[in-house]
Undergrad: 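There's a structure below that I have some questions on.
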Amino acid sequence: MPELPEVETVVLSIRDQLVGQKFTNIDVRWPKVLFNFSKQDFINNIVQRNITNVHRRAKFIVISFAEEILAIHLRMTGKLYFSNGKTDEKHISAIIRLDNGQQLVFEDTRKFGRFYYYPSQDFLDEKLGIEPLGDAFTAAWLIENLHCKKRMIKALLLDQRLIAGLGNIYVDECLWQSGIHPETKSNKIPKKNISTLRDSIRNTLELSITARGTTVVNFSYLNGKSGKFSSQLHVFGKDGQPCAICATEIKKKRVAGRGTHFCPSCQKKRY
DNA sequence: CCATGAACCTGGTCGC
DNA sequence: TGCGACCAGGTTCATG
C-alpha cells in the first residue's frame with residue numbers, strides 16, 4: 001500500500017510513543033507475519049529491550065534497539081497503529097504489548113506485510129538503493145545511474161535497489177511532471193529531463209509528507225485518518241480525464257507489470 | 001541482463 | 001441481487 005511518504009507518516013505518528021519504551025509480549029495471529037524469526041525469538045531477544053529509535057529506511061519502518069532492529073514492511077494493506085482497547089478487527093496479524101500498557105497493532109487485510117529481525121540495519125542497507133530525500137540524491141547522481149542502464153524508466157524507478165521508497169503512484173506522477181514516457185529506455189532520456197525528474201521526485205515526496213501521504217479511495221492506514229495528498233495527484237487514477245497541462249485524455253496501460261497512467265501528448269515515447 | 005507473469009491474500013467494483 | 005472477471009499503494013521467484 002504505502003510508499004515513502006505514507007511510511008514516513010506512520011513513523012512520525014508512532015515514534016514518540018515508542019522511543020524509550022520496552023515491548024513485553026507479542027500476540028501473533030497470522031504466523032507468517034514473522035518472516036525470519038519466531039515468537040520465542042521475539043521473547044528472548046526483543047522483550048524488555050530499550051527502544052532507542054524509530055525511523056524509516058526505504059519503505060521499512062525500523063524500530064531500533066542497541067544494535068538490532070525490528071523492521072516492518074506494510075506491503076499493500078498493512079497498518080501500524082496504537083490501540084488502547086478493542087483489538088477485535090478482522091485482519092489483525094499481530095499485536096505487540098508495551099510495558100506502559102499500550103498496544104501496537106499490525107492490521108493487514110491482504111496479509112502481505114512482514115516483520116524482520118536483524119542484527120543490524122546493514123542487512124537492509126545492502127539490498128536497498130539511495131534515499132531520494134538524502135543529500136546524495138542529486139541530478140548528477142541520477143543522470144549517471146540512468147544513463148549506464150537501459151531498462152524502461154518506470155521499471156527502474158520502481159526498483160528499490162536503485163532508489164528506495166518510490167512506488168506506483170509517485171512514479172507515475174513524477175514521470176508526468178518531467179515529460180517522460182514510462183516506457184522510455186533510461187539511457188535515452190536527455191539530461192535536462194532527468195534533472196527535472198530529480199526535482200520532481202524531491203518536491204512530490206516532500207509535499208506528500210507534508211500532506212500526511214496519499215489515501216486511495218477510502219483506504220486509511222492511519223487509524224481512521226487519511227492523507228490529503230490525493231487532491232494533488234495529476235495522473236494517477238485519472239485515466240479518461242483531461243491532462244492538467246494540455247487537456248489530452250490521460251491513458252492507462254500496463255507497464256512493468258503495473259497499471260500506469262500518463263499523458264500521451266506531454267509524455268512522448270523516446271527510443 | 002531484461003521483461004513478463006505468477007504467487008502471496010482479501011475485498012471492492014463493474015458489467016451482465 | 002448475484003456472480004464472475006478484474007483490479008489494487010509491493011516484492012520475490014521462475015521462466016523465456
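Throughout, protein chains are lettered first and strands after them, A, B, ... in sequence-line order, and every chain is numbered starting at 1. Everything quoted here is computed from the prediction, not taken from an experiment.
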Undergrad: A:Q160 side chain N/O closer than 4.0 Å to the phosphate oxygens (OP1, OP2) of C:dG10?
TA: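 So the side chain of A:Q160 is outside the cut-off, no N or O lying under 4.0 Å from OP1 or OP2 of C:dG10.
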
Undergrad: Just checking A:K149: base, sugar-phosphate only, or nothing, at a heavy-atom cut-off of under 4.0 Å?
TA: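 Counting heavy atoms under 4.0 Å across all strands, no contact is made by A:K149.
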
Undergrad: Would you say A:H73 places a side-chain N or O within less than 4.0 Å of OP1 or OP2 belonging to C:dT11?
TA: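 Yes, such a contact exists.
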
Undergrad: Whole angstroms only, please: what is the CG-C1' distance between A:N168 and C:dC7?
TA: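 Those two atoms, CG and C1', are 12 Å apart.
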
Undergrad: For A:F60, which residues count as a ring pair (Phe, Tyr, Trp, His ring centres under 6.0 Å) partner, sequence neighbours excluded?
TA: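 Listed in chain order: A:H73, A:Y116.
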
Undergrad: Can you name the residues that form a salt bridge (charged side-chain N to carboxylate O under 4.0 Å, His left out) with A:K188, not counting sequence neighbours?
TA: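 Residues passing salt bridge (charged side-chain N to carboxylate O under 4.0 Å, His left out) with A:K188: none at all.
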
Undergrad: Could you write nucleotides 3-10 of chain B as a row of B, S and -, 5' to 3', where a protein heavy atom under 4.0 Å of any base atom gives B, of only sugar-phosphate atoms gives S, and otherwise -?
TA: SS---BBB

Undergrad: Quick one: A:R258 CZ to C:dG10 C1', roughly how many Å, whole number?
TA: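 A:R258 atom CZ is separated from C:dG10 atom C1' by 6 Å.
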
Undergrad: Can you name the side-chain contact (heavy atoms from CB on, under 4.5 Å) partners of A:T210, sequence neighbours left out?
TA: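 A:T210 satisfies side-chain contact (heavy atoms from CB on, under 4.5 Å) with no residue once adjacent residues are dropped.
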
Undergrad: Whole angstroms only, please: what is the NZ-P distance between A:K154 and C:dG10?
TA: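 Taking NZ of A:K154 and P of C:dG10, I get 9 Å after rounding.
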
Undergrad: Any side-chain hydrogen bond (donor to acceptor under 3.5 Å, both in side chains) pairs touching residues 90-100 of chain A, not counting sequence neighbours?
TA: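 Residue pairs passing side-chain hydrogen bond (donor to acceptor under 3.5 Å, both in side chains), neighbours aside: A:Q21-A:N100, A:R97-A:Q103.
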
Undergrad: Rounded off to whole Å, could you give me the CG-to-C1' distance for the A:L156 and B:dC2 pair?
TA: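 Atom-to-atom, A:L156 to B:dC2, this comes out as 11 Å.
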
Undergrad: Taking only residues two or more places apart in sequence or in another chain, which ones pass salt bridge (charged side-chain N to carboxylate O under 4.0 Å, His left out) with A:E68?
TA: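 With neighbours one apart ignored, the set is A:R49.
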
Undergrad: In whole angstrom, give the distance that lies between atom CZ of A:F35 and atom P of C:dT12.
TA: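 Distance check: A:F35 CZ to C:dT12 P gives 8 Å.
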
Undergrad: For DNA chain B, produce a single dot-bracket line, 5' to 3'. Pairs: Watson-Crick or G-U wobble, both distances under 3.5 Å. Symbols: ( ) within strand, [ ] crossing, | other strand, . unpaired.
TA: .|||||||.|||||||

Undergrad: Let me know the distance between CD1 of A:I209 and P of C:dG9, rounded to the nearest Å.
TA: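 After rounding, the reported distance stands at 20 Å.
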
Undergrad: Using the P atom on both, measure B:dC8 against C:dC3 and round to a whole Å.
TA: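 Those two atoms are separated by 25 Å.
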
Undergrad: Answer with yes or no whether the side chains of A:D41 and A:S38 bring together a donor and an acceptor at under 3.5 Å.
TA: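 A:D41 and A:S38 do have a side-chain donor-acceptor pair below 3.5 Å.
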
Undergrad: Who are the salt bridge (charged side-chain N to carboxylate O under 4.0 Å, His left out) partners of A:K22, not counting sequence neighbours?
TA: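 A:K22 satisfies salt bridge (charged side-chain N to carboxylate O under 4.0 Å, His left out) with no residue once adjacent residues are dropped.
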
Undergrad: Taking CG from A:D239 and P from B:dC14, how many angstroms apart are they, rounded to a whole number?
TA: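 Distance check: A:D239 CG to B:dC14 P gives 12 Å.
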
Undergrad: Return the set of residues passing salt bridge (charged side-chain N to carboxylate O under 4.0 Å, His left out) with A:R57 (not counting sequence neighbours), or none when no residue passes.
TA: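 Salt bridge (charged side-chain N to carboxylate O under 4.0 Å, His left out) list for A:R57, sorted by chain: A:D125, A:E131.
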
Undergrad: Remember a base hit wins even if backbone is also touched, and classify A:Y170 as base, sugar-phosphate or nothing at under 4.0 Å, heavy atoms.
TA: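 Nothing, no heavy atom under 4.0 Å.
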
Undergrad: So what does A:G113 touch, heavy atoms closer than 4.0 Å: a base, only the sugar-phosphate, or nothing?
TA: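 No contact.
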
Undergrad: So, A:K154 and A:D172, do they make that salt bridge, N to O below 4.0 Å?
TA: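 Between A:D172 and A:K154 there is a salt bridge, with a charged N closer than 4.0 Å to a carboxylate O.
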
Undergrad: What is the distance, to the nearest angstrom, from the CG atom on A:L74 to the C1' atom on C:dA8?
TA: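 A:L74 atom CG is separated from C:dA8 atom C1' by 16 Å.
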
